[in-house]
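The next block holds one structure in the form of structure tokens; read it before the comments.
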There are 2 protein chains.
Amino acid sequence: MDQIDKKILRLLQEDGNMTTKEIAKRIHLSNTPVYERIKKMERERIIKKYVAILDREKLDRDLIVFCNVTLKEHSKIVGHQFVNDITALEEVVECYNISGDYDFLLKVMVKDMKAYQDFVLNRLGEVENIGSAHSTFVMGEIKQSYQIPIDR
Amino acid sequence: MDQIDKKILRLLQEDGNMTTKEIAKRIHLSNTPVYERIKKMERERIIKKYVAILDREKLDRDLIVFCNVTLKEHSKIVGHQFVNDITALEEVVECYNISGDYDFLLKVMVKDMKAYQDFVLNRLGEVENIGSAHSTFVMGEIKQSYQIPIDR
DNA sequence: ACTGAAAGACGTCGAAT
DNA sequence: ATTCGACGTCTTTCAGT
């Protein structure tokens, strides 16, 4: 992966529907090499997929909560079970295994506080082996980038 | 926005390059209405943009850190200054104003621990008015969805 | 609001350098 | 590794229901 590939990636992170023609124009190259480079990076899974980014609030998901969770027990089996259960919850848009006082950090996206209460009680409450849960509420979204920073 | 629009959005969240033809086939409609509906949702900014999703690790960004920050002072001006400074940092891929013991939560993406040390000392350290910073390190990425959950 | 068709632009790939 | 050119497919639009 060279500087040209990186330029292409920067453009595609900005606009995933940019035509090869337009990319070619911007990086002063012709159609085919740009096409080949993109296809190569798709094959190598450097480019994993293309997605549409939607407006959260227009879709009635106004509340984001970061939910810090501890497990009661830390065996491999229960950890695996937890991972499976959590992954299945569509409100949980991200989940990380973290250092510090808690075991996992969940990013939860719901309509409002009532929906979050319902999530904690009925969805998270159904997941086995959860010890404690500490919620941090998002009051404002300052920055949201979907881009991986690419070195020069 | 009706059920058909929602179906289209679900498909485009899964694959932003899906052709109108393919979408039309899947929702049992012809080309034109699908095309018009998508364009309408783009105009209304329900669909904000299309992006390529890249592989973080293949681009040498192996470490994610959640950085909890407090401000020394909470006036409107310094808050605004902080927001500007933080937004300019490319390593900070997300930033939220949060409830609880800290003021802001940053999601930081760097190459490794050494790069994170550099980030805290030289980048975050340059930002005015930061009181304290508490880092939580990501050991494992369990789930990463770029999709907004869409109600039925 | 949807169907079907038609025109033009783009993705895609082979041949050549 | 890049350019050119040709083909098939998709986007985009329009007349008709």
Side-chain angles (χ1 to χ4, degrees), chain A residues 1-61 145-152, chain B residues 1-61 111 144-152:
Chain A
M1 192 168 46
D2 59 10
Q3 290 305 318
I4 296 174
D5 282 340
K6 288 183 179 177
K7 278 184 187 170
I8 294 173
L9 291 177
R10 280 191 205 98
L11 291 171
L12 287 176
Q13 281 200 120
E14 198 64 46
D15 178 5
N17 277 349
M18 190 177 285
T19 62
T20 50
K21 200 178 182 178
E22 176 67 20
I23 294 171
K25 198 174 105 190
R26 296 212 194 183
I27 63 178
H28 307 294
L29 227 66
S30 68
N31 223 325
T32 314
V34 172
Y35 175 77
E36 293 296 344
R37 282 166 178 271
I38 293 171
K39 287 302 154 191
K40 181 157 181 286
M41 292 191 285
E42 285 172 2
R43 279 197 306 276
E44 291 169 349
R45 307 278 302 155
I46 293 171
I47 299 171
K48 292 203 278 191
K49 60 192 298 200
Y50 299 87
V51 301
I53 301 297
L54 309 185
D55 190 300
R56 188 167 57 78
E57 301 188 350
K58 292 199 173 78
L59 287 161
D60 272 335
R61 295 284 171 165
S145 164
Y146 300 92
Q147 305 182 10
I148 311 285
I150 300 177
D151 296 320
R152 296 187 181 276
Chain B
M1 193 170 43
D2 60 8
Q3 289 307 316
I4 295 174
D5 282 339
K6 288 183 179 179
K7 277 184 189 171
I8 293 173
L9 291 177
R10 280 190 206 99
L11 291 171
L12 287 177
Q13 281 199 118
E14 198 65 46
D15 177 6
N17 277 349
M18 189 177 286
T19 63
T20 50
K21 199 178 182 178
E22 176 67 21
I23 294 171
K25 198 175 108 189
R26 296 211 195 182
I27 64 178
H28 307 293
L29 227 63
S30 67
N31 223 326
T32 313
V34 172
Y35 175 77
E36 293 296 346
R37 282 166 178 271
I38 292 172
K39 288 301 155 190
K40 182 158 181 286
M41 292 192 285
E42 286 171 2
R43 278 197 308 275
E44 291 169 348
R45 308 278 302 155
I46 293 171
I47 299 172
K48 291 203 279 190
K49 59 193 299 201
Y50 299 87
V51 302
I53 301 297
L54 308 185
D55 190 299
R56 187 168 55 80
E57 301 189 350
K58 292 200 172 77
L59 287 161
D60 272 334
R61 296 282 171 166
K111 179 175 166 48
Q144 171 71 272
S145 165
Y146 300 91
Q147 305 182 10
I148 312 285
I150 300 177
D151 296 320
R152 294 184 184 278

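By convention in this document, chain letters (A, B, ...) are assigned in the order of the sequence lines, proteins followed by strands, and residues within each chain are numbered from 1.
For B:Lys25, the NZ atom sits in a loose shell: 12 or fewer heavy atoms of surrounding residues, nucleotides or ligands are nearer than 6.0 Å.
The side chain to side chain contact (heavy atoms under 4.5 Å, CB included) check on B:Gln144 picks up A:Glu94, A:Tyr96, B:Lys107, B:Glu141, B:Tyr146, with sequence neighbours excluded. Residues satisfying the side chain to side chain contact (heavy atoms under 4.5 Å, CB included) criterion with A:Thr19, sequence neighbours excluded, are A:Lys21, A:Glu22.
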Taking it one step at a time, do B:Met1 and A:Lys58 satisfy side-chain contact (heavy atoms from CB on, under 4.5 Å)? CA-CA 10 Å; B:Met1 193 170 43; A:Lys58 292 199 173 78; over 6 Å; no
Could you go step by step and tell me if B:Glu14 and A:Lys49 meet the side-chain contact (heavy atoms from CB on, under 4.5 Å) rule? CA-CA 9 Å; B:Glu14 198 65 46; A:Lys49 60 192 298 200; 3.9 Å; yes
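The backbone N or O of A:Asp55 lies less than 3.5 Å from no partner atom in the side chain of B:Arg45, so there is not a single donor-acceptor pair. In this structure, A:Gln13 contributes its side chain and A:Ile148 its backbone to a donor-acceptor pair below 3.5 Å.
The stretch residues 13-26 of chain A touches DNA chain C through A:Thr19, A:Thr20, A:Lys21, each having a heavy atom under 4.0 angstrom from the strand.
Checked for salt-bridge contact, B:Arg61 and A:Asp151 meet the test: a charged N lies under 4.0 Å from a carboxylate O.
Nearest heavy-atom pair, B:Asn17 versus A:Gly16, reported as atom, atom and distance to 0.1 Å: OD1-O, 3.9 Å.
With a cutoff of under 4.0 Å to any heavy atom of chain A, the contacted region of DNA chain D is bounded 5' to 3' by D:dT2 to D:dC4.
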Report all side-chain donor-acceptor pairs from residues 36-44 of chain B shorter than 3.5 Å, counting only partners two or more places apart or in another chain.
residue	atom	partner	partner atom	Å
B:Arg37	NH1	B:Asp2	OD1	2.9
B:Arg37	NH1	B:Asp2	OD2	3.3
B:Arg37	NH1	B:Asp5	OD1	2.9
B:Arg37	NH2	B:Asp2	OD2	3.3
B:Lys39	NZ	B:Glu42	OE1	3.2
B:Lys40	NZ	B:Glu44	OE2	3.1
B:Glu42	OE2	B:Tyr50	OH	2.6

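B:Tyr35 has its OH atom 15 Å from the C1' atom of C:dA6, to the nearest Å.
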List every contact pair, protein side and nucleotides 1-3 of chain C side both N or O, where the distance is under 3.5 Å.
residue	atom	partner	partner atom	Å
C:dC2	OP1	B:Arg37	NH2	3.2
C:dT3	OP2	B:Ser30	N	2.7
C:dT3	OP2	B:Ser30	OG	2.5

